[in-house]
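Have a look at the structure below before the remarks.
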Amino acid sequence: MATLQFWKPGTTGPGSTLDRANETDDSVISSAPTTSLSIQAARERLPIHKYRQNLLWKNDSLGTLILFPTGWASEGNIIACTQPRRVAATSVAGRVASEVGTIIGDEVGYTIRFEDVSDKERTHILYMTDGILFRETLVDPLLSRFSVIMIDEAHERSVYTDLLLGILKKIRRKRPSLRIIVSSATLDAMSFVDYFSSGGLENEVTVASLEGRMYPVEIAHLEQPTPDYVKTAADTVWNINLQQSRGDILVFLTGREEIDRCLEKLAERLPNLPRNASPLKLFALHAGLSIQEQLSVFEPAEPGTRKVIVSTNIAEASVTIDGIKYVVDSGFVKVRTYNPTTSLSSLVTVPISLASAIQRAGRAGRTMSGICYRLYTSSNLKSLSPTTQPEITRTDLTTVILQLKSLGVDDLMKFEWVTSPPAESVLRALEGLVASGMVDEDGRLTVVGEKVAECPVEVNLARMLFASKDYKCGDEILTIAAMTTVQDVFIIPDGSAGALAELERRKFTAEEGDHLTLLNVYNAFVRYGRSSSWCKSHALSFRALSRAISIRSQLKKYMQRFDLPTESCQGDAKRLRQCLVSGYWRNGARWVADGTYRSVRGNTVLHVHPNSVLFTRKPRSGWVIFHEMEETKKTQIRILTEIEPDWLLDYGHKFYPKHGGS
DNA sequence: GAGCACTGC
């Protein structure tokens with residue numbers, strides 16, 4: 001077994017202890033506090049914090065900032081507090097309700113998609129996801145029912161956080177009475193200060209940067225970089241178990257494959273564990289697992305044993321596990337990036353940001369003091385970028401721009417982005433919106449564009465919902481739209497269980513392709529009583545299918561609002577496929593003899609994703625449309641349906657001749 | 001012939 005050379009925790013080697021003051025700008029960020037921050041402390045550390053007598057800041061025991069309003073909400077106005085994730089919105093609302101001494105949904109409530117636990121008359125503090133608040137701006141552009149808006153976890157820089165900040169800056173000019181509070185946990189608090197200052201809003205917007213309660217965490221870096229961090233992670237876990245006192249271990253790797261490999265290495269060694277060492281209980285943690293599998297991670301380890309949780313980034317912010325004393329950080333993460341030139345998105349493994357490194361280390365100090373082993377050197381640490389690139393700079397902007405236009409932001413170059421997306425992404429999205437009839441040649445929203453902007457699915461799918469009126473297949477298109485929106489409907493485990501799952505999947509196969517196969521799965525799920533055991537026996541994800549049910553019913557309400565019929569096509573698959581083409585006509589592809597496809601736009605070589613029912617089969621017509629295209633080792637297309645090529649012409653003439661077919 | 005970080009409306 002390799003001997004790993006770490007700088008010993010607690011010694012004074014370079015980067016040997018978690019010294020936040022060295023890693024961050026301590027004029028903005030507090031050093032790791034072990035007691036609750038007082039108002040005074042917050043004021044001292046925040047350059048433009050504006051303190052109001054009638055507002056009390058409190059840092060609760062779980063480290064989340066809680067606002068206790070005593071004046072601002074008294075005129076019947078509401079304080080909104082946004083969170084990037086649904087679980088955070090609901091759980092923080094619950095804690096605040098109990099601190100205030102009311103039941104949830106009364107004075108304190110929350111609103112997330114599919115769930116509104118608030119009272120129109122009585123709720124004064126409303127927790128919501130940032131996506132929900134952004135959507136509300138489409139209906140009420142000045143957000144007039146709110147007197148205070150607090151954007152929490154702003155450092156995560158989700159697309160909706162960035163959009164909200166931009167909109168709030170605009171609203172603030174028209175509604176000077178609106179109080180805005182931006183709460184950010186890490187290094188870039190200063191960038192929010194700069195952002196609002198540049199519009200003359202300094203001293204009017206509060207930027208708060210508060211750390212949660214944390215125990216000290218010692219940091220150890222590798223002395224030499226490792227060529228194989230998966231193996232090094234396994235070695236490190238092994239050494240911790242032999243050398244360090246009791247306490248569970250959390251390992252950060254980038255994806256399922258690495259996690260399985262690391263766990264295999266550890267499992268192989270378990271028989272050689274010395275008799276006096278603690279037995280290890282091994283767990284994987286990633287989003288692809290079932291709910292039960294994820295929950296098993298939270299069960300306390302049996303006395304005398306040690307839990308090892310090998311996880312993706314899900315454990316960095318979304319999931320919190322108590323009892324972790326040791327963190328092993330690979331220093332890498334997978335991020336989605338988008339290339340506007342090729343319209344392709346891809347997942348790439350990149351070094352984490354400094355903010356992530358600090359966040360991961362902090363996972364060792366939530367319930368006791370701990371140690372973080374970084375599988376990179378302290379000089380590697382210095383080369384990390386301070387924060388993760390905001391999502392808005394690396395995503396397809398089609399929906400974003402449609403929604404901004406609906407808000408009256410016609411000149412996208414004049415919109416005050418916190419961070420501007422690449423101009424090419426903006427142009428590519430605009431081009432797509434013009435081609436699909438959402439935006440006219442002058443850049444203004446069309447009538448259908450107005451309606452589609454309100455629809456909570458991507459533009460292609462919304463177009464299909466509208467077209468379903470002509471093809472008389474609203475019922476089926478609703479289901480297909482919901483099913484393509486949820487991911488991971490089919491559970492394909494590793495090894496022999498995977499082959500069995502494959503067989504189960506074939507039972508739902510439709511000749512015409514994946515869209516109709518998904519329709520079959522949904523209908524069977526409903527027919528068999530939406531049962532989770534039925535899902536399990538057919539290798540389907542109960543979570544994904546339940547979500548599809550919710551999305552479908554939300555979309556159905558939307559269709560009814562716009563007088564779109566939801567009649568069934570009565571098994572007429574041809575009509576249904578023609579309707580699909582109305583949404584996907586830009587995603588056409590032609591089969592070629594080696595089993596790959598060529599895109600109609602650009603003639604790119606496309607490979608069918610192995611999950612497709614057309615993976616092994618040539619479509620009879622030789623032509624397909626596909627739901628999405630992604631760059632992996634190759635360019636892959638997912639969710640295919642066979643079509644007749646002349647169906648493309650009904651739409652293509654609007655686009656191809658004019659733009660030279662590129 | 002082979003794969004999937006994480007959210008959100």
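The figures here come from the full heavy-atom set of this structure, side chains too, leaving out hydrogens, waters and symmetry mates. So you know, we letter chains A, B, ... as the sequences are listed, proteins then strands, and number each from 1.
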d([atom1], [X]; [atom2], [N]) in whole Å:
{"X": "E153(A)", "N": "dG8(B)", "atom1": "CD", "atom2": "C1'", "value": "15 Å"}
{"X": "Y127(A)", "N": "dG8(B)", "atom1": "OH", "atom2": "C1'", "value": "20 Å"}
{"X": "L555(A)", "N": "dC9(B)", "atom1": "CG", "atom2": "P", "value": "13 Å"}
{"X": "Q403(A)", "N": "dC9(B)", "atom1": "CD", "atom2": "C1'", "value": "7 Å"}
{"X": "I112(A)", "N": "dT7(B)", "atom1": "CD1", "atom2": "P", "value": "14 Å"}
{"X": "Y110(A)", "N": "dG8(B)", "atom1": "OH", "atom2": "C1'", "value": "16 Å"}
{"X": "L164(A)", "N": "dC9(B)", "atom1": "CG", "atom2": "P", "value": "12 Å"}
{"X": "I167(A)", "N": "dC9(B)", "atom1": "CD1", "atom2": "C1'", "value": "15 Å"}

**Request:** Indicate for each nucleotide in nucleotides 1-6 of chain B, in 5' to 3' sequence, whether protein heavy atoms under 4.0 Å reach the base (B), only the sugar-phosphate (S), or nothing (-).
**Result:** BBBBBS

**Message:** I need the full list of salt bridge (charged side-chain N to carboxylate O under 4.0 Å, His left out) pairs touching residues 154-165 of chain A, with sequence neighbours left out, sorted by first then second residue.
**Reply:** R85(A)-E156(A), R157(A)-D162(A)

**Asked** Considering residues, nucleotides and ligands other than K507(A), do more than 12 of their heavy atoms fall under 6.0 Å from its NZ?
**Response** yes

**Prompt:** Residues two or more places apart in sequence or in another chain: which of them pass side chain to side chain contact (heavy atoms under 4.5 Å, CB included) with V486(A)?
**Reply:** V489(A), A544(A), R547(A), A548(A), I551(A)

**Request:** Give the ring-plane orientation class for F562(A) versus F466(A), where under 30° counts as parallel, over 60° as perpendicular and anything between as tilted.
**Result:** tilted

**Prompt:** So, E642(A) and R620(A), do they make that salt bridge, N to O below 4.0 Å?
**Reply:** yes

**Prompt:** Would L445(A) and S406(A) satisfy side chain to side chain contact (heavy atoms under 4.5 Å, CB included), going step by step from the backbone distance to the final call?
**Reply:** CA-CA 7 Å; L445(A) 221 52; S406(A) 176; 3.8 Å; yes

**Prompt:** Which is true for R85(A) with a 4.0 Å heavy-atom rule: it touches a base, it touches only sugar-phosphate, or it touches nothing?
**Reply:** sugar-phosphate

**Request:** Using only side-chain N and O atoms of T129(A), determine if any of them is under 4.0 Å from OP1 or OP2 of dC9(B).
**Result:** yes

